[in-house]
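For reference, the structure discussed in these notes is given below.
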Number of protein chains: 2
Amino acid sequence: MEQVLFDYLAQYIALNADEKQAIIDLNIFKQYKKGDILLSEGDHSDEGYFVIKGCIRSYFIIDGEEKTTAFYTEAESLEPHCKITKKPSAYFVSCVEDAILIVANSGMEETIFAQFPKFESLCRILSEELLVKNQTDFDSFKTSSPELRYMHLMENRPDLLQRVPQYQIASYLGITAQSLSRIRSRILENKA
Amino acid sequence: MEQVLFDYLAQYIALNADEKQAIIDLNIFKQYKKGDILLSEGDHSDEGYFVIKGCIRSYFIIDGEEKTTAFYTEAESLEPHCKITKKPSAYFVSCVEDAILIVANSGMEETIFAQFPKFESLCRILSEELLVKNQTDFDSFKTSSPELRYMHLMENRPDLLQRVPQYQIASYLGITAQSLSRIRSRILENKA
DNA sequence: AGATTTCGTTCACTTAAGATAAGAAAAGCA
DNA sequence: TGCTTTTCTTATCTTAAGTGAACGAAATCT
C-alpha cells in the first residue's frame, strides 16, 4: 500500500530506507467508505489527504445546493484551506468511492521536516506544481464554454465521468445537471 | 524601493542584515513602461516577477482574441508556468501600467536557498498561500454567475476597476466586453 | 424481489450571454 | 488644439444556460 506513495515521491526525490521508515512510522494510512465525510463546513481541521485508492471530492453547500469544486483520485492530494489558514473550513470533503487515504496533519509534517529537511524542499516543489496545475485548470475554465469544458474533461479525465455522478460533474463544470444533460445529447447528435 | 519587498517578507520571516544584503546584491529591481511585454507565448523564460509598483497582467491569445487570466498589483507575485515546467510559455505577460518589478530567475533562487535555507521554507509557505488564494478564487468563479463575479470584484479589488480597461476585466471575468457593459448598466439600474 | 431513494433526461418557459454592427466617449498623440 | 486610436455602450438577433416540473431508469436497501 505504501508503494503508491513511494512511487509518487520517487518522481521528485530519492528516499533512503530510513526516510521511508520515518514515513511509515507516522502511521497515516486510513480507510473510508463511500459517502464518509472527512471534513465539514465550520470544522477546524489540520489534516491533509493523499489518495492511495478511490476518489474524494470537495464541495460547498450554497443555498442548500451542493457545488462540487474538485475531485481527487489516485496519487492526488488535497490540502484543505483550513489546514493552511487555520480558519474554519468553508467547504466539505467526502468520499465519492470507498477510499484508502494518507491523512497527515501539520504536526507530522514539522516532525518530518525537522528530521529530513529534504521533505520541505519536496513540499515546496509539490506546492509549486499544484499551483501551476490549478492555474492551468482555472485558465482553461475561464476561456472555455461549458460545452468545451465538458469535452476537455472527456479528454483529460475520462475516468471521472465513469466514477462520479453526473450532477456532481455538472457543478464541477459550473453548470446545472440539466444543462450538462443537454450538452451530452448535443455532442451525441453532432457525432452521428 | 526595497522596502516594499522587505515589508512583504516581514509578514512571514525575520531577515537579518546579511540576508537583506544578499537579496539586494542580486540586483533584481527593474523598471518597465505601460504596454511593455515581459513574456510572450512560446518564450522559454526562467523569470518570476514580484510587483513593487504598478500592474501587470497575464493573457492568452485565442483565435486572435486576448483572454486575460490574471492581474498582479503591488506586493503580488507571478511565477509563470514556463518557469516551473521549463516548457515554452502558453501565454503573455505585459504591463498594464508603468511598473517597478523584481525579476528573479531560478538560478538566483538556488543561490539564495543554498546560502540561507530559510528562504526555501519561505517559498514553500508563499507557494502554499498562493495555492489557497488561487483555489479560493477558482471556487468563487465556478460557483458565481458573471454578475456576481463582477460584484465580487467590486468588493475585493475595486482598484482594478479603475486601473484596468473594461474589456480586460471582462475577459478576466470570463465574459465579453459587451456583456460586462450590460451587467454594469443592470447594476446601476437596480441601485436607482 | 419489491420498495425506495437517487440519478439522468426531457420539456416548456425565462433569462442572460455571444455575435455582429454601429456609434459615442475617452484617452493618447501630433 | 484637433485628430486618431482605443475603449465603452447600445441595439438587434441568435444561442444556450437557468428554472421548475415530470418521468423513467438505475442503484440501494432490507
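Proteins get letters first, then strands, A, B, ... in listed order; numbering begins at 1 in each. Atom set for the values below is all heavy atoms of this structure, side chains included, hydrogens, waters and symmetry mates excluded.
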How would you list, by chain and number, every residue that makes a side chain to side chain donor-acceptor pair (under 3.5 Å) with [X], sequence neighbours excluded?
X: B/Q3; value: B/D7
X: A/E47; value: none
X: B/E120; value: A/S121, A/R124

(message) Once salt bridge (charged side-chain N to carboxylate O under 4.0 Å, His left out) is applied, what residue pairs with a partner in residues 22-42 of chain A remain, sequence neighbours excluded?
(response) A/K33-A/D98

(message) ring pair (Phe, Tyr, Trp, His ring centres under 6.0 Å), that's the test. Do A/F138 and B/F141 meet it? Break it down for me.
(response) CA-CA 9 Å; A/F138 194 177; B/F141 191 95; 5.5 Å; yes

My understanding is that only residues two or more places apart in sequence, or in another chain, count here; which of them pass side chain to side chain contact (heavy atoms under 4.5 Å, CB included) with [X]?
X: B/T85; result: A/V132, B/K87
X: A/L180; result: A/Y150, A/Q166, A/I169, A/A170, A/L173, A/I175, A/R184
X: B/D43; result: B/L39, B/S40
X: B/F60; result: A/D139, B/I62, B/K67, B/T69, B/A90, B/Y91

(message) Using C1' atoms of five pairs at each end, report the bend of the helix from C/dA1-D/dT30 to C/dA30-D/dT1 rounded to 10 degrees.
(response) 60°

(request) Look only at the side chain of A/E74 and the backbone of A/V51, and say whether a donor-acceptor pair between them is shorter than 3.5 Å. (result) no

(message) Would you say the ring centers of B/Y59 and B/F92 fall short of 6.0 Å from each other?
(response)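 That pair passes the under 6.0 Å test.
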
(message) Quick check: B/F71 with B/Y172 (ring centres under 6.0 Å apart)?
(response) yes

(message) Short of 4.0 Å, heavy atom to strand atom, which residues of residues 155-171 of chain A count as contacting DNA chain C?
(response) A/P165, A/Q166, A/Y167

(request) Quick one, give me the B/S/- string for nucleotides 14-24 of chain C, reading 5' to 3', where B means a protein heavy atom under 4.0 Å from the base and S means that only happens at the primed atoms, P, OP1 or OP2. (result) ---BBBBB---

(request) On DNA chain D, reading 5' to 3', which nucleotide is the first and which the last to sit with an atom under 4.0 Å from a heavy atom of chain B, could you check? (result) D/dT7 to D/dT12

(message) If I take atom CD in residue B/E97 and atom C1' in nucleotide C/dA27, what distance separates them, rounded to the nearest angstrom?
(response)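 One finds 15 Å between C1' of C/dA27 and CD of B/E97, rounded.
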
